[in-house]
Amino acid sequence: MRIDASINPAKTLAKPPQAETGEKSENFGQMLMDAIKEVNSAQSDATKLQNDLMANRPVETHDLLIAMERASTALQLMMQVRNKTLEAYQEISRMQV
């Protein structure tokens with residue numbers, strides 16, 4: 001077995017993190033923004049159908065109920081993601097370095 005003496009493990013461990021981490025956090029942020037936009041869109045669609053029904057425009061009741069349930073489920077999911085993100089942030093802030 002041949003051991004390569006030119007590799008210094010101390011230098012390898014001391015390398016700064018790659019530039020990929022910034023790109024990944026940007027993707028995560030973009031993913032969150034897209035999810036928030038989807039929730040907002042679902043809320044807007046449900047509100048539009050409610051307003052149409054109240055204005056006595058032809059709206060199928062089941063379409064309204066489906067839109068309202070979709071908006072409610074999307075909002076609940078977003079709240080769970082927010083709660084988990086806050087928990088993770090608080091856990092990281094409590095870590096001792």
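Throughout, residue positions are numbered sequentially from 1 according to the sequence presented. Side-chain atoms are counted along with the backbone in the values below, which use heavy atoms only and exclude waters and symmetry mates.
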For the [atom1] atom of [X] and the [atom2] atom of [Y], what is their distance to the nearest 0.5 Å?
X: Asn83; Y: Met78; atom1: CG; atom2: CE; value: 11.5 Å
X: Thr47; Y: Met54; atom1: OG1; atom2: CE; value: 8.5 Å
X: Leu64; Y: Lys48; atom1: CG; atom2: NZ; value: 11.5 Å
X: Asp63; Y: Asp45; atom1: CG; atom2: CG; value: 11.5 Å
X: Leu75; Y: Gln80; atom1: CG; atom2: CD; value: 10.5 Å
X: Leu77; Y: Glu38; atom1: CG; atom2: CD; value: 10.0 Å

Side chain of [X], backbone of [Y]: donor and acceptor closer than 3.5 Å?
X: Ser93; Y: Gln90; result: yes
X: Ser72; Y: Met68; result: no
X: Thr73; Y: Glu69; result: yes

Check: Glu87 and Glu91 side chains under 4.5 Å, non-hydrogen atoms: no
Just wondering, do Leu53 and Thr61 contact through their side chains at under 4.5 Å, heavy atoms? no
For residues Ile36 and Met31: do they belong to one hydrophobic cluster (side chain heavy atoms under 4.5 Å, members Ile, Leu, Val, Met, Phe, Trp, Tyr)? no
Between Arg57 and Asn51, what is the shortest heavy-atom contact and its length? NH1-O, 4.5 Å
Here the pair of heavy atoms bringing Ala71 nearest to Ala46 is CB-CB, 4.1 Å
